[in-house]
Student: 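This is the structure I want to talk about, given as structure tokens.
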Number of protein chains: 2
Amino acid sequence: MKKVYLDYNATTPVLPKVLNAMLPFFSEKFGNPASSHSFGREAASALELAAEQVAALIGATANEIIFTRGGSEANNLAISELALKGKTRIISSKVEHSSTYDTCKRLKKDGFEVTYLDVNRDGLIDAEALEQALDNDVALVSLLLVNNETGTIQDFESIRKVMQKYDVPLHYDAVQAAGKMPLDVDSLGASLLSLSAHKIYGPKGAGALYVRSGIELEAPSGTYDLPGIVGLGAACEIARGKLDVYAAHCTEMRDYLERGIMKACLMATINGCRKQRICNTTNISFSGFSAKNLSEEFDRRGIAVSTGAACNERTNDTSRILEAMNVPKAALYGALRFSVGKYSNKADIDYFIKELIKILQEKNKAMGGSKIIKLDI
Amino acid sequence: MKKVYLDYNATTPVLPKVLNAMLPFFSEKFGNPASSHSFGREAASALELAAEQVAALIGATANEIIFTRGGSEANNLAISELALKGKTRIISSKVEHSSTYDTCKRLKKDGFEVTYLDVNRDGLIDAEALEQALDNDVALVSLLLVNNETGTIQDFESIRKVMQKYDVPLHYDAVQAAGKMPLDVDSLGASLLSLSAHKIYGPKGAGALYVRSGIELEAPSGTYDLPGIVGLGAACEIARGKLDVYAAHCTEMRDYLERGIMKACLMATINGCRKQRICNTTNISFSGFSAKNLSEEFDRRGIAVSTGAACNERTNDTSRILEAMNVPKAALYGALRFSVGKYSNKADIDYFIKELIKILQEKNKAMGGSKIIKLDI
């Protein structure tokens, strides 16, 4: 069966170049970076190179990089550690990744006051609302720079302007931003920033937390996953070199996909911010249809799309993100996320559109040609 | 320069067979196990197979396996989660791995009462002392089954006999036991058991916690490191199949090494339990010498040995483990851990012994032929 992968936001395949960089560290250069002999030093210097590669992607320096087991651990670490600094208030938003949301929930249980900023219909927080919630007693502001479900990019310019009036660290979860848009921790005004390897064609189980010089933070313990970290470094270096080409390719494919859907299905609507949106993502509601049902139909045809974040896909709830954006109920139940990437191409998207039309026609027929949907075929 | 690795307890190279099992999951079968489409299901079924392979090594069932990022996270998870069950006492020992020790220290800060059982000169806890400390208000007993520094195997039989009188879960850190001795969670009376892939020729960054059916425990969040987990599964399967052969090889090499050292250096003494000792490890004190200094000399000659656990090697402290065993001060400062493995051979050990003799002669000369040491050369 033909396979079409439109779920690059869930995970990406490891690039051959990245895997090649990793391979020597499994069996030959297998030392434990914590060991003080030559095997250990070889491992430790590979770790250092990876830190430089990660740092270069975000305008930081190697000593500001802490390796984690992935984006979720980076978010958890940033928030949990900053919460230890004596202040008891945290500001976040209603459209965060589940790892941030879960950490905030846990801290709330522990007595922290957590402000979840509202978002507008586009999924953007209001800088003025941020300012109203802010004061120097806040331990941390933690925000998702690019939303994993909608691709909406927060207005980091206006956020930075508000943040610079206060002595409060800003943490960005930049997992879905990395490799798709330029990132510079200084321009962002970020004190902390989370990255994940497996969203940028690196291996699963590796991530990083940027921690601005001067902020003390305890790194996670345990033996470093050296091949994974080497892979993260290589993926960051490749992402940095290919940023423009990659973004252009994704934009072209995403827009081609979106136009195809819109042409085929007149009632389809796009969720999220059209102006500030990451290149590879579109979130589309097929109102009147069940997203779960549609995604199963696609799956039967070898097409992988997502009904939300992979991280909570199995729970079958409607999207907490779209709810926060006040997406109407019918649109909420019919929302699918499409995310393209390196290997996406027009032939695959054409196949997808053809199958989409078939599915919608069948369903329309089954519903007795219900007027809820309009197909322009 | 010739390279001789005598530090298999710090980490092991990934076996070619293990790497081959992992390879398809980087770029081809790259799905996120949390996704509900075919790419995700393929990943999820690989996860299931790995759980079965891990379970088979320890006499458990697949649904009792929780994947972690390694042994440290498994220990941390076991202790932290069991501490959430409402009881406020924990029993451990003075010879635990740093990850257990650190978790206990943190819980102590949070108000838990932690009993660290003493050990005798062999590094064994006293089952009677355990019984005296035990009652049904204890949340968990957490013990290191095989000590990473000395290889001492705790007397699990007598521990089981004591534990079965109480309704208290027993957690074993079996990271250094796996693949080197038969493990069966029922015979051990273990409710929880930690494993690490990179100590048994699997990849770094993957581990597992066995959790007996009926014990509720929240698994760590974040995307599964699928290749790592597949590697852990493959490593467990190979370890299970090769257990006898591997243990025999390690015993032969370790004993050959030990005899060589004892013959060359009459003042060398072995730390730990001679009767109950894991096949691949020996901890030897060169009293009157500095272990740090010796290990640096070995390192200059391409030989990797350890002054303690890799996990705290960089701190340069004397061993907390040997201190708890009341090893005399001179022996403490001169203690080195040697751990052999699959690729250890007599030629390498001969080279090591030759270099050891040279180093000791030079040092002896530099010390003016001090009577502290006796060389039988």
Side-chain angles (χ1 to χ4, degrees), chain A residues 1 3 5 7 10-16 18-19 22-23 26-28 30-32 34-40 69-73 76 98-99 102 196 198 203-207 220-228 231 292 295-296 298-299 302-307 310-314, chain B residues 1 3 5 7 10-16 18-19 22-23 26-28 30-32 34-40 69-73 76 98-99 102 196 198 203-207 220-228 231 292 295-296 298-299 302-307 310-314:
Chain A
M1 184 167 61
K3 289 267 187 184
Y5 190 69
D7 201 12
T11 192
T12 62
V14 175
L15 289 181
V18 170
L19 184 56
M22 295 167 67
L23 283 177
F26 286 107
S27 308
E28 300 152 48
F30 66 91
N32 188 331
S35 297
S36 48
H37 47 60
S38 64
F39 296 82
R69 309 302 197 166
S72 290
E73 190 181 77
N76 189 309
S98 57
S99 56
D102 290 347
S196 166
H198 80 100
K204 293 173 181 62
S221 62
T223 300
Y224 283 113
D225 167 15
L226 194 63
K292 187 170 175 297
S295 72
E296 285 165 4
F298 285 126
D299 184 37
I303 300 163
V305 303
S306 171
T307 53
C311 309
N312 53 17
E313 185 131 27
R314 298 259 158 125
Chain B
M1 186 166 59
K3 290 267 188 184
Y5 190 71
D7 201 13
T11 192
T12 61
V14 175
L15 289 181
V18 171
L19 185 56
M22 295 167 66
L23 283 176
F26 287 107
S27 307
E28 300 151 47
F30 66 91
N32 188 330
S35 297
S36 48
H37 45 61
S38 64
F39 297 80
R69 309 303 197 169
S72 291
E73 190 180 78
N76 188 310
S98 57
S99 56
D102 290 348
S196 166
H198 80 101
K204 294 173 179 63
S221 61
T223 299
Y224 282 113
D225 167 15
L226 194 62
K292 190 172 173 296
S295 74
E296 284 164 5
F298 285 127
D299 185 37
I303 299 162
V305 303
S306 171
T307 54
C311 309
N312 52 18
E313 185 131 28
R314 299 259 157 125

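Below, read A as the first sequence line, B as the second, and so on, with proteins coming before strands; counting in each chain starts at 1.
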Student: Can you tell which of Gly205(A), Pro13(A), Gly302(A) has the highest number of heavy-atom pairs within less than 4.5 Å of chain B?
Tutor: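 Looking at each of Gly205(A), Pro13(A), Gly302(A) in turn, Pro13(A) comes out on top.
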
Student: Pick from Asp7(A), Thr307(A), Asp299(A): which one makes a side chain to side chain donor-acceptor pair (under 3.5 Å) with His37(B)?
Tutor: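 Testing His37(B) for a side chain to side chain donor-acceptor pair (under 3.5 Å) against Asp7(A), Thr307(A), Asp299(A) leaves exactly one candidate, Asp7(A).
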
Student: OG of Ser38(A) to CZ of Phe298(B): how many Å apart, nearest 0.5 Å?
Tutor: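 It is 13.5 Å, given to the nearest 0.5 Å.
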
Student: Please round to the nearest 0.5 Å and tell me the distance separating atom CG of Leu15(B) and atom CZ of Phe26(A).
Tutor: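 Between Leu15(B) CG and Phe26(A) CZ, I get 13.0 Å after rounding to 0.5 Å.
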
Student: Side chain, backbone, both or neither: which part of Ser99(B) has a non-hydrogen atom closer than 4.5 Å to chain A?
Tutor: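 No part of it gets close to chain A.
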
Student: Examine whether an atom of Met1(B) lies under 4.5 Å from a heavy atom of chain A, and if so say whether it belongs to the side chain, the backbone or both; otherwise answer neither.
Tutor: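 For Met1(B), there is no contact with chain A at all, as no heavy atom is under 4.5 Å.
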
Student: Determine whether a donor-acceptor pair (N or O, by modelled atom type, separation under 3.5 Å) exists between the side chain of Lys204(A) and the backbone of Gly228(B).
Tutor: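 A pair under 3.5 Å: no.
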
Student: With chain A as the partner, which of His198(B), Met22(B), Glu73(B) has the greatest number of non-hydrogen pairs under 4.5 Å?
Tutor: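 The residue among His198(B), Met22(B), Glu73(B) with the greatest pair count is His198(B).
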
Student: Closer than 3.5 angstrom, by distance alone: can the side chain of Thr11(A) be matched with the main-chain N or O of Gly31(B) as a donor-acceptor pair?
Tutor: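 Flag not set: sc Thr11(A) to bb Gly31(B) has no pair under 3.5 Å.
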
Student: Please classify the contact between Thr12(A) and chain B as side chain, backbone, both or neither, with a heavy-atom cut-off of under 4.5 Å.
Tutor: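 For Thr12(A), backbone heavy atoms alone lie under 4.5 Å from chain B.
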
Student: Examine whether an atom of Tyr224(A) lies under 4.5 Å from a heavy atom of chain B, and if so say whether it belongs to the side chain, the backbone or both; otherwise answer neither.
Tutor: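 For Tyr224(A), the contact with chain B is made by the backbone alone.
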
Student: Can you see which heavy atom on Val14(A) is nearest to which on Ser27(B), and at what distance?
Tutor: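 Minimum heavy-atom separation between Val14(A) and Ser27(B): O-OG, 2.6 Å.
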
Student: At their closest point, which heavy atom of Ala10(B) faces which heavy atom of Ser35(A), and how far apart are they?
Tutor: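 What the structure gives for the nearest pair is CB-OG, 3.8 Å.
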
